[in-house]
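Reading through the structure tokens given below for one structure.
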Amino acid sequence: TNYAPYPFNRMVSQYRYMQSRPLLWGTMYRTSAFPPTRFLFNSAQRLLAKSGIRACIAQHEPDLVISMHPLCQTVPLQALASLAHDGPSPSS
């Protein structure tokens, strides 16, 4: 949340809000399971948040990246791939 722009930097609080409202939760769950909607979400996330995710990974140089949510897999993997393509960091 520290590296992503709005609305992605508010995902934790939005997630908590939705989990306490079953109707809203179910609607979002079904919507995210629909391939065109998932494509739009991933496209928006890639456009708006990939550079922040990439900066976070580059700054912290983790040995392992764990992403637990299915909607948060694609862009971090793309960021890792672009970092790998650019070669090792200067501190390596």
Side-chain angles (χ1 to χ4, degrees):
T1 56
N2 294 334
Y3 291 86
Y6 182 85
F8 300 103
N9 64 349
R10 302 207 14 113
M11 293 295 268
V12 173
S13 62
Q14 292 167 354
Y15 200 85
R16 288 182 181 144
Y17 176 83
M18 288 183 359
Q19 77 183 40
S20 64
R21 289 156 180 84
L23 182 60
L24 182 57
W25 179 268
T27 301
M28 291 303 295
Y29 179 81
R30 286 186 295 282
T31 302
S32 68
F34 186 56
T37 306
R38 192 170 47 243
F39 173 79
L40 290 173
F41 178 82
N42 281 334
S43 296
Q45 188 182 29
R46 182 175 44 254
L47 178 68
L48 299 171
K50 182 180 174 185
S51 63
I53 293 169
R54 189 177 191 278
C56 177
I57 294 169
Q59 179 181 352
H60 295 286
E61 298 182 343
D63 293 323
L64 178 67
V65 176
I66 299 173
S67 179
M68 301 296 290
H69 198 284
L71 290 178
C72 300
Q73 304 290 324
T74 304
V75 176
L77 287 172
Q78 292 170 346
L80 284 167
S82 71
L83 285 167
H85 180 267
D86 291 347
S89 67
S91 64
S92 295

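Because the structure is predicted, anything quoted here is derived from the model rather than measured. Below, each value reflects all heavy atoms present in this structure, side chains not excepted, and no hydrogens, waters or symmetry copies.
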Worksheet item: Looking at CG of Leu83 and CD of Glu61, how far apart are the two atoms once the value is rounded to the nearest 0.5 Å?
Response: 9.5 Å

Discussion item. Do Arg38 and Pro35 have side chains that approach each other closer than 4.5 Å (heavy atoms only, starting at C-beta)?
Written reply: yes

Worksheet item: Roughly how far apart are Trp25 CH2 and Tyr15 OH, rounded to 0.5 Å?
Response: 3.5 Å

Discussion item. For Pro5 versus Ala49, what's the shortest heavy-atom pair and its separation?
Written reply: CD-CA, 4.0 Å

Worksheet item: Between Leu80 and Ile57, is any pair of side-chain heavy atoms under 4.5 Å apart?
Response: yes

Worksheet item: Any side-chain heavy-atom pair from His60 and Cys56 closer than 4.5 angstrom?
Response: yes

Discussion item. Would you say that Lys50 contacts Pro76 through its side chain, given a criterion of any heavy-atom pair below 4.5 Å between the two side chains?
Written reply: no

Worksheet entry | Heavy-atom side-chain contact between Ile66 and Leu64 under 4.5 Å | yes

Discussion item. To check you understand the geometry: which heavy-atom pair defines the closest contact between Met18 and Leu24, and what is its length?
Written reply: CG-CD2, 3.6 Å

Fill in: Ring-face cation of Arg21 near Tyr17 (centre distance under 6.0 Å, axis angle within 45°)
yes

Item to complete: Would you name the heavy atoms of Asn42 and Thr74 that are closest together and state the gap between them?
Response: ND2-OG1, 3.6 Å

Discussion item. Let me confirm one number: the CD1-CG distance from Ile53 to Leu77, rounded to the nearest 0.5 Å.
Written reply: 10.0 Å

Discussion item. Please report the interatomic distance CD(Gln73) to CE(Met68), rounded to the nearest 0.5 Å.
Written reply: 9.0 Å

Worksheet item: With side chains defined as the heavy atoms from C-beta onward, is the minimum distance between Leu48 and Phe8 less than 4.5 Å?
Response: yes

Worksheet item: Between Tyr3 and Gln59, what is the shortest heavy-atom contact and its length?
Response: OH-OE1, 2.7 Å

